[in-house]
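The next block holds one structure in the form of structure tokens; read it before the comments.
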Number of protein chains: 2
Amino acid sequence: MSVVSLHEPSHRETLWELEAAFARGDTVSVFGECTVEYDGRAASSLGPGARLLVLKPDGTALVHTDEGRTPVNWQPPGSEHRAAVRDGRLRVRSTRTNPSETLNVRFSAVDHLAAYAVTGGRSVDVVGSEADLKARILEEPSLVADGFEPQATERETDAGPVDVFGVDADGHPVVVELKRRRVGPDAVGQLARYVSAVEREEPDGTPVGGVLVAPSVTDRAAELLAEEGLDHVAVDRLVAETDGTELEETDVVGDDDTVG
Amino acid sequence: MSVVSLHEPSHRETLWELEAAFARGDTVSVFGECTVEYDGRAASSLGPGARLLVLKPDGTALVHTDEGRTPVNWQPPGSEHRAAVRDGRLRVRSTRTNPSETLNVRFSAVDHLAAYAVTGGRSVDVVGSEADLKARILEEPSLVADGFEPQATERETDAGPVDVFGVDADGHPVVVELKRRRVGPDAVGQLARYVSAVEREEPDGTPVGGVLVAPSVTDRAAELLAEEGLDHVAVDRLVAETDGTELEETDVVGDDDTVG
DNA sequence: TTCTACATATCGGAA
DNA sequence: TTCCGATGTGTAGAA
């Protein structure tokens with residue numbers, strides 16, 4: 001049987017099915033009235049309400065309310081799920097170590113449980129990552145500056161790895177920081193940090209250039225760049241991906257049986 | 001009825017029930033064999049597999065595999081869900097604008113659907129935030145440095161808001177950056193950025209101090225701090241919360257009916 | 001395991 | 001709405 005589904009089960013039935021689902025390696029969805037407590041890196045408490053609890057075979061636990069992409073409470077992969085009936089409530093406790101964390105979900109009533117053999121598979125990123133931007137820069141270094149010659153990627157410095165490192169037309173070192181989206185002061189700080197580190201490596205007085213490649217920068221970021229003598233080059237991910245040729249949306253519109 | 005549950009429904013039944021659940025404002029859990037495509041800030045594709053789809057009334061859509069806390073694909077709150085039957089498959093499409101994004105989940109077979117009136121409520125953080133750390137510092141400024149006097153929190157600079165701003169025993173400006181956990185080079189960069197901004201505000205030659213308050217720092221971060229003439233003060237969240245008195249775990253151990 | 005930075009980050013607060 | 005930084009960030013890749 002592919003799916004096990006319990007409608008308004010007793011705590012004992014829920015307990016039994018959770019045990020079986022854990023043993024099978026199923027992913028479990030539980031709807032019910034519960035409270036949630038968490039203690040670990042922080043500590044929090046959630047009062048009674050109707051929630052969705054998802055338990056994965058890799059140890060992930062998610063408590064969702066009716067709002068938000070982020071679970072209201074959770075436990076990361078690698079945790080261990082345990083269920084028990086105590087004080088007339090069904091308790092699901094998920095724990096992990098390093099850091100030590102505990103999630104406690106107490107159901108006064110379980111309204112529905114479903115267990116199913118969910119499979120894996122990663123979503124293949126077809127476009128849009130910082131790696132795409134890097135490929136584009138390496139393919140056409142003049143986007144950074146006329147005469148720019150890349151020499152290394154992920155080059156290590158005392159301040160961390162530089163996205164693209166190279167030399168300008170005068171042979172002076174240039175640090176390039178890539179961002180896939182509009183950036184603020186933090187990205188300028190990151191670039192400045194790498195530039196400083198390279199300056200410390202070079203003979204005194206060697207000018208070290210810094211270029212922030214991003215679709216756009218905030219006003220404050222632009223001021224900080226000017227303040228630090230750093231440059232911004234506007235390169236959009238669309239430009240990076242299409243090489244000048246815009247892609248058209250070709251998805252078909254107009255369906256039968258559409259609801260929503 | 002509190003929960004609506006369909007076992008191995010036809011696409012038409014699924015479609016009908018999704019429509020009803022959307023109208024009621026229910027949160028929906030769908031188990032089935034599907035492919036997923038996403039296009040928006042990035043673009044990705046996920047091949048056939050057995051997955052869990054969660055649809056919330058606020059427009060959130062989550063596609064979960066058997067692994068990981070992060071959904072393999074998703075749509076943020078504010079999106080609009082639509083369902084349709086097309087080419088013999090049940091399609092759930094979730095779209096939003098600004099940025100324009102589309103999530104497309106195509107089920108070859110739906111094995112289970114459950115709809116339930118999930119309620120809200122935020123998890124109340126009882127301890128452990130950066131705000132706690134700030135309160136602790138304001139309560140006992142000498143933790144930062146002997147003679148330190150806080151003058152403002154979230155003080156604006158050209159580089160952004162400073163967590164705690166004050167003067168040292170000599171009356172010189174001091175910038176304090178708070179972190180609730182162990183920090184790396186990025187936090188040093190953030191502090192350095194604020195210090196630089198304050199230095200630009202002050203008369204030339206005014207020494208501006210910078211203190212990073214965090215439980216600990218990485219080796220590289222420590223080197224960078226030294227390089228920049230900045231300080232680190234180790235203040236743990238536990239110290240911040242308990243004021244010297246350690247809390248004991250009082251949770252009861254030893255339950256009946258425990259499984260897992 | 002730890003370190004380092006990316007992410008379709010998400011989220012909340014402020015201007 | 002944009003800006004800005006915190007987050008129990010999570011996650012991957014490298015040392």
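To find a chain, count down the sequence lines: A is the first, B the second, and so on, and within it residues start at 1.
Two residues, B:V217 and B:L103, neighbour DNA chain C, and the one matched to the more 5' nucleotide by heavy-atom proximity is B:V217. If you find the closest nucleotide of DNA chain C to B:A221 and to A:R181, the one lying nearer the 5' end belongs to B:A221. Two residues, B:A159 and A:Q75, neighbour DNA chain D, and the one matched to the more 5' nucleotide by heavy-atom proximity is B:A159.
A salt bridge does not link B:E223 to B:R220: none of the charged nitrogens lies less than 4.0 Å from a carboxylate oxygen. Salt-bridge annotation for B:E130 and B:K134: absent, with no side-chain N of the basic residue lying under 4.0 Å from a carboxylate O of the acidic one.
A distance of about 23 Å separates the P atoms of C:dT4 and C:dT8, rounded to the whole Å.
A search for ring pair (Phe, Tyr, Trp, His ring centres under 6.0 Å) contacts involving B:Y116 returns A:F31, not counting sequence neighbours.
In the set C:dT4, C:dA7, C:dA9, C:dT4 carries the atom at the smallest distance from any side-chain atom of A:P161. Among C:dC6, C:dA7, C:dT10, the nucleotide with an atom closest to any side-chain atom of A:D163 is C:dC6.
The span of DNA chain D lying next to chain A, judged by atoms under 4.0 Å from heavy atoms, is bounded 5' to 3' by D:dC3 to D:dA12.
Contacts between residues 191-201 of chain B and DNA chain D, defined by a heavy-atom separation under 4.0 Å, are made by B:R193, B:Y194. Contact check of residues 56-70 of chain A against DNA chain C (heavy atom, cut-off under 4.0 Å) returns A:G68, A:R69, A:T70.
A donor atom on one side chain and an acceptor atom on the other are found under 3.5 Å apart for B:S216 and B:R182. Checked by atom type, the side-chain pair A:R69/B:T60 shows no donor-acceptor distance below 3.5 Å.
Close to C:dC6, at under 4.0 Å from its OP1 or OP2, lies no side-chain N or O of A:S129.
Residue contacts for A:E177: at a heavy-atom cut-off of 4.0 Å it reaches the sugar-phosphate backbone alone, with no base atom in range. B:P185 comes within 4.0 angstrom of the backbone, heavy atoms only, and of no base.
A donor-acceptor contact under 3.5 Å is formed by the side chain of B:N73 with the base of C:dT8.
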Please list each protein N or O that sits under 3.5 Å from an N or O in nucleotides 12-14 of chain C, with the distance.
none

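Remark: DNA chain D takes part in the stems C:1-7 with D:9-15, C:9-15 with D:1-7, each of 3 or more antiparallel Watson-Crick or G-U pairs, criterion distances under 3.5 Å.
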